[in-house]
Amino acid sequence: MAGNVVCAAFSAMFMKKSKNIAGSGWTEGLFFTLFVAVFSIAFFLAVNLFSVTLYPANCLFAFAYAVVGIVSSVVGLKAYAAGKVATYIVATTVGSTALPYLFGILFWDESVTAMKMSGVALMLCAFVLKNLPKKEKQVQETENKKGAGGAVALCLAGALISGLANIVISYNARFVPETDSVSFSVLTQGFVLVLAGVVLLARFPRTKAVLSENKAVYGGRNFVACALYALTCGGALICSLEGAKSLPASVFFPVTCSGNIVLVTLLDFLIFKEKPNWKDCLAVAVIVPAIVLVSLG
């Protein structure tokens with residue numbers, strides 16, 4: 001769980017770095033996912049000494065995870081352009097927690113306890129705190145940012161996508177418990193590479209225009225950001241796949257995703273100098289006991 005928290009938090013930093021360099025439009029997001037897929041495949045194959053072990057059921061779950069991952073990357077880049085990183089992380093934490101938790105109760109016979117329910121309720125409170133209305137001046141500044149859109153809508157989309165991603169991982173762990181996590185990750189990124197490439201080709205006029213207008217998309221600095229994101233996000237995926245084999249979805253995902261909020265808020269301040277306001281601090285203060293309640297529940 002600790003490995004997942006650290007890797008996921010740093011991957012958020014590198015995603016934001018790519019957004020700052022290359023932009024946050026849909027085409028830029030697709031290029032981001034394509035570059036990340038290339039680096040991820042190389043990284044995973046190196047870790048596994050260039051051997052891949054797959055099972056037929058893996059293909060279905062890997063494809064589903066790839067589709068969700070592409071949408072998640074694009075939405076995440078746009079959300080980062082519209083507000084602070086930590087706000088989006090809170091939203092994805094709630095989705096990553098609530099949806100697997102609900103599925104665990106309804107379909108996987110996982111227990112319902114007062115402590116777990118209290119923990120999930122506190123996470124929802126943290127999400128509300130992070131999205132309280134801002135002052136009029138702050139709202140105008142946010143809307144004027146390049147690529148900014150409806151920040152709350154993007155966060156809600158991120159919550160849904162993150163929850164679906166964790167459900168896919170949980171289903172894979174249940175139906176194919178012998179899954180080799182690294183091999184599964186290679187297959188997933190292979191699907192991402194193909195899907196992102198097809199969409200970019202289908203949008204060729206727009207793709208060509210973005211490349212001609214924004215050389216930062218394929219510039220060296222963005223390559224580095226994509227490579228580092230692939231490294232950290234890949235590590236988080238491996239930890240998720242392994243953790244889902246031994247821990248209930250209603251415990252593993254709430255704890256790891258909530259831990260991300262605390263670490264991302266700290267890294268956002270240290271790396272990007274974004275000072276947390278009282279809502280950020282209160283959200284973190286609410287998340288910490290939520291993690292404890294879900295873990296012990």
Side-chain angles (χ1 to χ4, degrees), residues 4 7-8 10-54 58-80 92 158 161-162 164-166 168-169 172 179-204 206-208 210-211 214-241:
N4 180 284
C7 289
F10 275 99
S11 69
M13 296 299 104
F14 294 126
M15 176 183 277
K16 182 171 182 177
K17 186 66 174 177
S18 178
K19 183 273 297 182
N20 289 343
I21 295 170
S24 58
W26 283 95
T27 303
E28 290 87 347
L30 287 170
F31 270 110
F32 174 80
T33 57
L34 188 145
F35 294 152
V36 168
V38 172
F39 288 119
S40 296
I41 291 171
F43 164 66
F44 288 132
L45 287 176
V47 169
N48 233 30
L49 300 178
F50 299 94
S51 64
V52 177
T53 304
L54 296 173
N58 284 151
C59 295
L60 173 63
F61 296 117
F63 180 80
Y65 193 82
V67 172
V68 173
I70 290 175
V71 179
S72 177
S73 294
V74 176
V75 171
L77 286 168
K78 292 182 73 66
Y80 288 6
T92 55
I161 294 165
S162 298
L164 291 175
N166 285 344
V168 170
I169 290 176
N172 184 77
T179 293
D180 173 7
S181 299
V182 180
S183 296
F184 178 86
S185 302
V186 172
L187 181 61
T188 297
Q189 293 304 317
F191 280 127
V192 169
L193 183 63
V194 172
L195 291 172
V198 169
V199 175
L200 285 171
L201 288 174
R203 295 164 48 95
F204 183 74
R206 176 58 183 163
T207 300
K208 184 178 179 181
V210 168
L211 288 177
N214 185 10
K215 294 182 179 180
V217 169
Y218 55 88
R221 289 190 301 162
N222 197 34
F223 275 175
V224 172
C226 289
L228 293 173
Y229 177 84
L231 179 66
T232 52
C233 192
L237 176 57
I238 293 173
C239 291
S240 292
L241 290 165

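In this chain, numbering begins with 1 at the start of the sequence shown. In this text, all values refer to a predicted model and were calculated from it rather than measured experimentally.
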Item to check | For the student: nearest non-hydrogen atoms of F43 and A230, plus distance | outcome: CD2-O, 4.4 Å
Checklist entry - Between S72 (side chain) and V68 (backbone), is there a donor-acceptor pair under 3.5 Å? => result no
Next on the checklist: Any heavy-atom pair between the side chains of L200 and F31 that's under 4.5 Å?
Outcome noted: yes
Item to check | Pairs flagged by side chain to side chain donor-acceptor pair (under 3.5 Å) wherever residues 218-233 is involved - sequence neighbours left out | outcome: S18-N222
Item to check | V192 to A66 - nearest heavy-atom pair and separation | outcome: CG2-CB, 3.5 Å
Item to check | Nearest heavy-atom neighbours spanning I70 and L195 | outcome: CD1-CB, 3.5 Å
Next on the checklist: Could you walk me through whether R206 and W26 satisfy the side-chain contact (heavy atoms from CB on, under 4.5 Å) test, starting with their C-alpha distance in whole Å, then the side-chain angles of each, then the deciding distance to 0.1 Å, before giving a yes or no?
Outcome noted: CA-CA 10 Å; R206 176 58 183 163; W26 283 95; over 6 Å; no
Next on the checklist: Under the criterion side-chain contact (heavy atoms from CB on, under 4.5 Å), I'd like the reasoning laid out for N166 against I169: C-alpha separation, chi angles, the key distance, then a yes or no.
Outcome noted: CA-CA 5 Å; N166 285 344; I169 290 176; 4.3 Å; yes
Checklist entry - Which atom pair, heavy atoms only, marks the closest approach of A64 to V168? => result CB-CG2, 4.2 Å
Checklist entry - If you round to the nearest 0.5 Å, how far is CG of D180 from CZ of F44? => result 11.0 Å
Item to check | Nearest heavy-atom neighbours spanning S40 and Q189 | outcome: CB-CG, 3.5 Å
Checklist outcome for this item: Minimal heavy-atom distance between L187 and C59, with the atoms involved, is CD2-CA, 3.7 Å
Checklist entry - What pairs meet the ring pair (Phe, Tyr, Trp, His ring centres under 6.0 Å) rule with one or both residues in residues 180-201, with sequence neighbours excluded? => result F63-F191
